[in-house]
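As structure tokens, the structure follows; a few thoughts come after it.
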Amino acid sequence: MNTIPVTNPRSGEVDYQAPAVSREEVAAAANRLRLAQPTWEALGPERRAKVLLDWKQAIQRHAADIAHALCLDTGRHLLAQIETASVQDWISWWAGRAPALLGNVRSGKSVMAPSVEYSHRLKPYPVIGIISPWNVPLILGLIDAVPALAAGCSVLLKPSEVTPRFAEPLRRAIEEVPELDRVIEIVTGGPETGQALIDHVDAVCFTGSVPTGRKVAVQAAENFIPAFLELGGKDPAIVMASANLEIAADAILRSGVGLTGQACQSLERIYVQESVFEDFVELLVAKASATNINWPDLHTGQIGPFIFPPQAAKVQQHIDEAVAEGAQVRCGGQVEEHGGWWCPATVLTDVTHEMKIMREETFGPVLPVMPFKSSDQAIKLANDSIFGLSGAVFAGSREEGEAIAERLTGGAISVNDAGLTAQVHDVEKNSFCLSGMGGSRMGDAGLLRFVRKRAILFQSGIPACLSAMDESLAARDRSGD
Ligand code: NAD
């Protein structure tokens with residue numbers, strides 16, 4: 001079998017080879033899943049929930065190995081533990097929620113034709129394909145898989161070729177639960193494996209960049225299957241003069257620099273009201289300067305390496321181009337190589353909307369800060385983007401914050417905090433503009449998008465005869481005979 005070399009982001013060395021699963025093997029896996037799915041669906045939501053909870057226990061038994069694999073692929077220790085714990089929480093959440101959601105099936109009489117009685121059946125898509133990115137490998141591999149399984153679908157998952165190591169220990173946890181083992185398979189590989197997957201599934205969930213999302217959407221459209229796309233962002237934060245600047249600076253730093261800025265909902269543009277601009281920048285720079293990269297000791301600092309090494313050059317280019325165009329580096333600003341690549345927390349001022357750093361997704365721990373005069377101007381600047389994932393507003397009162405939030409383009413706006421969708425999975429939200437397409441992955445819709453409604457329609461009266469469409473009867477009516 002062909003393999004894909006995997007780089008350790010801390011050492012910069014290739015120290016793992018992942019199988020590059022071929023088109024034929026993807027087709028065979030999809031076929032196995034399709035054959036197994038009717039039995040899984042027939043189990044019903046309660047029994048499936050029980051199987052999922054058994055899987056949660058198995059993941060717990062393999063938690064150390066899964067977290068270790070994630071740590072090797074991402075260069076971060078604590079977040080690897082958090083990822084492994086989070087997926088167990090979701091399994092509990094969906095196992096608890098699915099029976100009620102799937103049991104809530106309507107039946108009744110049609111209002112338009114009262115002699116017709118109906119009842120709905122919820123039919124899961126047989127095989128859901130999942131293509132995931134490298135930035136939060138386990139969470140983004142399973143965020144759609146768990147509700148799809150709870151809904152009665154089978155799942156074919158292709159993790160990013162940059163971070164595929166978790167597949168081996170996760171597979172061992174799956175194998176310990178035979179009923180589940182028949183309905184979820186993991187295929188590692190690159191773009192070709194992803195393309196093959198789209199040709200053999202009934203709906204695809206894709207998390208990744210806009211350019212790849214566009215290709216996935218085109219291929220899905222050609223195959224007439226739904227594509228649920230969760231793509232990039234350039235999330236703005238607005239800080240009003242009335243805000244608690246200390247709280248705003250803490251939340252903005254956490255959201256912009258946490259995960260080394262390698263999160264879709266990282267804050268990447270900060271707009272601060274003119275009267276508090278310098279005070280805010282001073283606070284933010286002090287807090288950012290007090291952070292550290294987690295090198296040489298993995299167990300220190302808050303900022304991990306770039307998981308995907310080419311990302312380091314891209315982030316440095318965004319910073320350097322901004323500086324060449326007049327931006328000031330207030331702290332950080334220089335990517336460091338220690339085998340792998342790190343970037344310290346970086347704050348820039350004197351930025352403009354002509355710069356890449358304010359327009360394109362940077363995906364690094366960089367906070368460009370820009371002043372504004374009025375809330376109207378702040379809203380205009382925040383909405384001047386091709387993306388519409390999420391955003392944040394900091395204000396002195398809930399009313400002021402929510403009035404601004406309401407006018408921002410984006411699917412989730414946090415008020416007096418940032419990136420709350422990373423913590424709040426039970427609240428529905430959509431991705432706007434180029435940040436995505438398709439139903440909410442959060443909240444109840446996150447499961448219900450995996451089932452289609454079949455209506456069973458019963459005629460309790462006499463069916464209409466063809467004479468109801470007889471043109472000569474209509475002509476007689478018109479002539480008044
Ligand atoms: P990417 O688009 O490069 O790759 C994502 C996945 O797509 C990988 O598994 C890759 O192998 C696969 N792929 C590549 N070409 C393909 C093709 N032609 N057909 C099918 N599959 C293909 O994204 P990435 O660099 O891994 O991830 C970073 C991006 O993900 C950022 O833009 C980030 O904002 C985005 N992201 C979005 C969310 C969200 O929820 N909106 C969450 C996390 C990350």
Side-chain angles (χ1 to χ4, degrees), residues 4 6 9 18-21 23 26 73-74 79 83 129-144 156-164 166-167 186-201 204-223 225 227-235 258-268 306-312 314-315 360-364 385-391 410-412 419 421-422 425 429-442 446:
I4 295 184
V6 180
V21 175
R23 176 166 278 278
V26 170
D73 266 347
T74 61
L79 285 166
E83 275 200 72
I130 294 173
I131 301 176
S132 55
W134 46 258
N135 58 324
V136 197
L138 182 69
I139 283 188
L140 294 172
L142 294 186
I143 190 167
D144 298 315
L156 184 54
L157 163 64
K158 191 205 87 61
S160 167
E161 64 275 33
V162 180
T163 51
F166 75 86
I186 309 173
V187 286
T188 51
E192 305 74 28
T193 310
Q195 286 167 326
L197 175 145
I198 300 169
D199 283 342
H200 293 282
V201 297
V204 60
C205 299
F206 172 81
T207 308
S209 63
V210 173
T212 313
R214 205 184 288 279
K215 290 182 199 161
V216 168
V218 168
Q219 197 185 337
E222 280 168 354
N223 290 347
I225 61 166
F228 304 108
L229 307 179
E230 295 288 347
L231 310 177
K234 187 79 189 169
D235 284 357
L259 283 81
T260 315
Q262 303 167 120
C264 53
Q265 87 285 13
S266 288
L267 288 174
E268 295 212 355
F306 287 110
I307 296 172
F308 183 48
Q311 195 57 30
K314 181 181 166 194
V315 171
E360 294 183 11
E361 189 177 47
T362 304
F363 232 49
S385 173
I386 56 171
F387 298 105
L389 193 62
S390 42
T421 48
H425 285 253
K429 56 137 289 218
N430 291 105
S431 298
F432 290 18
C433 311
L434 294 196
S435 289
M437 189 172 94
S440 170
R441 85 167 8 155
M442 310 285 187

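Throughout, numbering of the chain's residues begins at 1 and tracks the sequence. For ligands, and for the atoms within them, numbers begin at 1 and follow the listed sequence.
If you number the atoms of ligand 1 from 1 as listed, the ones under 4.0 Å from a heavy atom of Phe206 come out as 2 (O), 5 (C), 6 (C), 7 (O). Below 4.0 Å from some heavy atom of Arg441 lie the following atoms of ligand 1, by number and element: 40 (O). In summary, the atoms of ligand 1 found under 4.0 Å from a heavy atom of Leu140, numbered by their order in the structure, are 42 (C), 43 (C). When each atom of ligand 1 is checked for a heavy atom of Glu230 under 4.0 Å away, the hits are 37 (C), 38 (C), 39 (C), 40 (O), 41 (N). Taking every heavy atom of Ile131 and a limit of under 4.0 angstrom, the matching atoms of ligand 1 come to 6 (C), 7 (O), 9 (O), 12 (C), 20 (C), 21 (N). Residue Phe363 approaches ligand 1 through these ligand atoms, each under 4.0 Å from one of its heavy atoms: 28 (C), 31 (C), 33 (C), 34 (O). The distance from ligand 1 to the heavy atoms of Gly232 drops below 4.0 Å at these ligand atoms: 32 (O), 34 (O). Within ligand 1, the atoms closer than 4.0 Å to a non-hydrogen atom of Leu389 are 41 (N), numbered from 1 in the order shown.
Of all non-hydrogen atoms in Thr163 and Trp134, the two that sit nearest each other are OG1-CA, 3.3 Å.
Under 4.0 angstrom from ligand 1, there are no non-hydrogen atoms of Gln219.
Taking distance alone, with nitrogen or oxygen atoms compared against 3.5 Å, Thr212 approaches ligand 1 more closely than that limit. Residue Pro133 has no nitrogen or oxygen atom sitting less than 3.5 Å from a nitrogen or oxygen atom of ligand 1, judged on distance alone.
With Lys234 as the fixed residue, the side chain to side chain donor-acceptor pair (under 3.5 Å) test singles out one of Glu268, Glu361, Glu360: Glu268. Paired with Phe387 under the rule side chain to side chain contact (heavy atoms under 4.5 Å, CB included), one option of Ser435, Cys433, Ser431, Cys264 passes, and it is Ser435.
Scanning the protein for heavy atoms near atom 35 (C) of ligand 1, the closest one is Gly208 O, 3.2 Å. For atom 39 (C) of ligand 1, the closest heavy atom belonging to the protein is Cys264 SG, 3.3 Å. The protein heavy-atom contact nearest to atom 19 (N) of ligand 1 is Gln195 CG, 3.5 Å. Considering only non-hydrogen protein atoms, atom 31 (C) of ligand 1 sits nearest to Glu361 OE1, 3.4 Å. Protein heavy atom nearest atom 37 (C) of ligand 1, with residue, atom name and distance: Leu231 O, 3.0 Å. In terms of protein heavy-atom proximity, atom 23 (O) of ligand 1 is nearest to Ser209 N, 3.4 Å. Here the heavy atom of the protein found nearest to atom 10 (C) of ligand 1 is Glu161 OE1, 3.5 Å. Closest protein heavy atom to atom 25 (O) of ligand 1: Trp134 NE1, 2.9 Å.
The CD1 atom of Ile143 lies 7.5 Å from the CD atom of Glu230; values are rounded to the nearest 0.5 Å. Atom CZ of residue Arg441 and atom CG of residue Asn430 lie 12.0 Å apart, to the nearest 0.5 angstrom. Atom CD in Glu83 sits 7.5 Å away from atom CG in Leu140 (nearest 0.5 Å). Atoms CG and CZ, from Leu259 and Phe363 in turn, are 9.0 Å apart once rounded to the nearest 0.5 Å. One distance of note links CG of Leu156 with NE2 of His200; it measures 9.5 Å at 0.5 Å rounding. Remark: Leu157 CG to Cys205 SG distance equals 10.5 Å, nearest 0.5 Å.
The residue from Gly129, Ser132, Ala220, Gly194 that puts a heavy atom closest to atom 9 (O) of ligand 1 is Ser132.
Using modelled atom types, no side-chain atom of Ser160 and backbone atom of Pro133 make a donor-acceptor pair closer than 3.5 Å. Side-chain N or O atoms of Thr193 include one that pairs as donor or acceptor with a backbone N or O of Val21 at under 3.5 Å. Formation of a donor-acceptor pair under 3.5 Å by the Glu161 side chain with backbone atoms of Ile4 is not found in this model.
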